[in-house]
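Accompanying notes for the structure given below.
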Amino acid sequence: MAKKRKTDASDGIRVGDKILSLSGYLTKRPKLEASSTSKDGLTLSNEGVSTKNQGPSNSKEDLSKEGVSTKTEGLPLSQGDRRLKPIGNPKYFDARQALPLWSRQDDIRQRLRQNDVLVLVGETGSGKSTQVPQFLIQEDWCQRKKVNVKGDGGVQEMAVGGMIAVTQPRRVAATTLAHRVAKEANIPGKKKDTERHGPLSDGIVGYSVRFDHRVPKGTKIKYVTEGMLLQELLRDPHLRQYSAIIVDEIHERSVDVDLLSGFLKQILSGDKAGRGGIPLKVVIMSATANVGSIKKFFSDADPEGSEESAPPVTRPKTSVDFLQIEGRQFPVDITHTSKPVPDIQDALLNTLFKIHKQESLFDKHGRKDILAFLTGQEEIESAQRLIEEHAETLPAGVPKIAVLPLFGQLSMEAQHKAFQPTKDKNTRKIVLATNIAETSVTVPGVRFVVDCGKAKVKQYRPRLGMESLLAKPISKSSAIQRTGRAGREGPGKCFRLYTEETYESLEKTDLPEILRTDVLNAVLTMKARGIDDVLAFPLMDPPEFESVEKALLHLHILGALADDGSITDIGRKMVMFPVPPPYARVLIAAATPKYDCLLEVIDIISCITAGDDIFLQIQSEETKEEAEEFRKELRRREGDLITYLTTIQQYSAENADRVRWCKDRKINTRNMKQAMNIRKQLRGLCVKQKMMEQPPADPQPFYPITPERSATILKCFLKGFALKTAILAPDNSYVTAHGKHVVAVHPASVLHGQKKEAIMFLEHVYTQKNYAKKVSAIEAQWIVEAVDRSG
DNA sequence: GAGCACTGC
């Protein structure tokens, strides 16, 4: 017998009497839908996949200077009770007033007048990402002010503040939120241009993400990715144009948000001289309630090591306030297994068919589909086969089943299928997903969640200089998040394929990314922003000393740091490029006369950093043969890098039908487009850095690269990857030059199964084995030459 | 013979 348990309110799932208050929201839902918003007012049903709400991209006209503009001096304050009279477009008033957050706006304003930092916990659907900045823009402290700032050149009058930045971990989130808030906040009819160019051509809302910037003159609210704000910190360490920074989704704990928190803490605890005495307000927003350590981090504003010039006497602690807002979530019944399951596939199958047989396909809230969380592609595909086989034995009269896989490497169309309702109404959808459905995308219609309790996580091992990708138990927080996916459209049920004891034994939260990844980039980011002693930099979870030490050494080898640990000119140049430090080092080497292969190196790096492999995995045997035939002319015996180069060169020479071209070769069109964007960005940066002349525009005719040229390119890559090399041992295994580990060439590599004198690999991942990925054939002698620092 | 998910003036 399965044991039943309901979560308490702190788990983020509403129960008992809370259902009554939820029903209040339900009565208001038709209004919300009438104004064509999703029910939580901001979440796209297929966030991360659809791009339709992003508007036209890269239009230079809409780019306004992000620097200090002198015009706007704030908006007029509204009269009377703001609760009854929201500012902005009246069309959205009803929907905004129905949000759980609406009634708390005066409270939020009051708290931020009295405190520097507000930690706000608001569950999905509370409206925090869209409403909080709108609540604050009229505050007096939020207006731009002319002040005297002491700088290197003496006292200078400057404008400080006036804008609010809202950070997001993902680009789609930033752009869609900006569009949404622009509709709400901009008063319609003020400018005719709004109609022609969309809501973001004018008004008080803008965004800035990689490849896409829309910051109209007079922008008060700017949605940015975390990385973008870190980049801004490089040229404006005091964030002078901002009155407030709202850090959204901090619970995701990306490396960028951790670094950002450190810099914000420094600004908060500093003497504010760089801002002419004007304080910076910070709102930290989280969707999960476990924010104890975050609160402590910001309130412990101990200046030690963070502000050398500051006097150590009686500095007041940063005042941190805390507020929790209820979300709009239906109750979810949770079932654990009574015993640990011996076979996860078996348990999954039983659970799925039990749900399918016992539960109706529809109720008053809509469809009742199933979402199952599994660890990876392989598990998903084998489960799909089993389910489909078993579904054929279903008796007549029982609704049919449609199984839909959902994972990152799937093509756009295949991913889209998982979001659409089944064509036949009498068919139940079963979506088998990886972690992608936990945060990145929302599958509509889900009322049942099946959770296997595991996820694949990447973990960097500084000692070995490699990472592993293995299935590990998820955290409680993650389990709660998965459970919550069943209660977004109506009351739901969650079936956990593990015991309640197992649940209790799970870690409270996931390990933050900064503890799971190579801190090479993080350390360079700090060094470039003036942090001399990186070990003293305030971080919520500081990495082990050994990880930081390794990163410092590696940066020294790359030439980014001098012997005394200070950043070099090369290091400063490296941070200008939005690629990992070793790639940046390769770009710089490629621009020197010795290698002179910058265009080719940009092409290769664009392909590699565009996301997952541009070559899709092929499932069926027949399409494999077909694609392999097409891919033949792309494959190069020099290895994966020269194969990428050939691919992007042929792609950019293709002028007829690029989508068709990708389809034939089973190439990920999304990643290929991304690669072309990165290529354009890197080319632009290199021109700006005077590393090369403006290259000719596409399409350029394709000429296969000569073996001599590819040798030059590979030697150039060794400037960044000399440590990632291996030599063929007498027993035909590859042994790494550093560490003497045995590595196998990954099966996805064009060099899989081949024996070369030596190899260079850009990635090093332990899964089933110790695998080298992105592999090239090199000569052992080249490694020696590359380590010689004179070149 | 194998593929968690994001991201960067």
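Heavy-atom basis, side chains included; hydrogens, waters and symmetry copies ignored. Lettering follows sequence order; numbering is per chain, from 1.
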Distance-only side-chain donor-acceptor flag, A:Lys454 / A:Tyr498, under 3.5 Å: no
Spacing of A:Gln377 atom CD relative to B:dG1 atom C1', expressed in whole Å: 13 Å
Out of B:dA5, B:dG3, B:dG8, whichever nucleotide has its closest atom nearest the side chain of A:Thr434: B:dA5
Rounded interatomic separation in angstrom, taking OH from A:Tyr460 and C1' from B:dA5: 20 Å
Residue whose closest nucleotide on DNA chain B lies nearer the 5' end, A:Gln681 versus A:Thr375: A:Thr375
Candidates B:dC6, B:dG3, B:dT7 - which lies nearest the side chain of A:Leu469: B:dG3
Salt bridge flag under 4.0 Å for residues A:Asp613 and A:Lys773: no
Any A:His746 side-chain nitrogen or oxygen under 4.0 Å from OP1 or OP2 of B:dG1: no
Nearest-nucleotide 5' precedence on DNA chain B, A:Tyr771 against A:Asn521: A:Tyr771
Gap between atoms CG and P, on A:Asn671 and B:dC6 respectively (whole Å): 10 Å
Gap between atoms CG and C1', on A:Leu524 and B:dT7 respectively (whole Å): 16 Å
For atom CZ of A:Arg482 and atom C1' of B:dC4, their distance in whole Å: 10 Å
Touch class at under 4.0 angstrom, heavy-atom based, for A:Thr609 against every strand present: nothing
Among B:dG3, B:dG1, B:dG8, the one nearest A:Pro747 by side-chain distance: B:dG1
Nearest listed nucleotide, side chain of A:Arg170, among B:dC4, B:dG8, B:dC6: B:dC6
Touch class at under 4.0 angstrom, heavy-atom based, for A:Val255 against every strand present: nothing
Among B:dG8, B:dG3, B:dC6, the nucleotide that comes nearest once only the side chain of A:Met228 is considered: B:dG8
Polar side chain donor-acceptor pair, A:Arg461 to A:Ser468, under 3.5 angstrom: yes
A:Glu252 CD - B:dC4 C1' separation (whole Å): 14 Å
Phosphate OP1/OP2 of B:dG8: any A:Arg171 side-chain N/O under 4.0 Å: yes
NZ/NE/NH1/NH2 to OD/OE distance under 4.0 Å, A:Glu379 and A:Lys456: no
Any donor-acceptor N/O pair under 3.5 Å between B:dG3 base and A:Glu378 side chain: yes
Separation of B:dT7 C1' from A:Leu260 CG (nearest whole Å): 13 Å
Sugar-phosphate only, base, or nothing, as touched by A:Lys458 at under 4.0 Å among non-hydrogen atoms: base
Sub-6.0 Å ring centroid separation between A:Phe537 and A:Phe263: yes
Distance-only polar pair, side chains of A:Asn290 and A:Thr288, donor-acceptor under 3.5 Å: yes
Distance, rounded to the nearest Å, where A:Asp510 contributes CG and B:dC4 contributes P: 17 Å
Out of B:dG3, B:dA5, B:dG8, whichever nucleotide has its closest atom nearest the side chain of A:Pro580: B:dG8
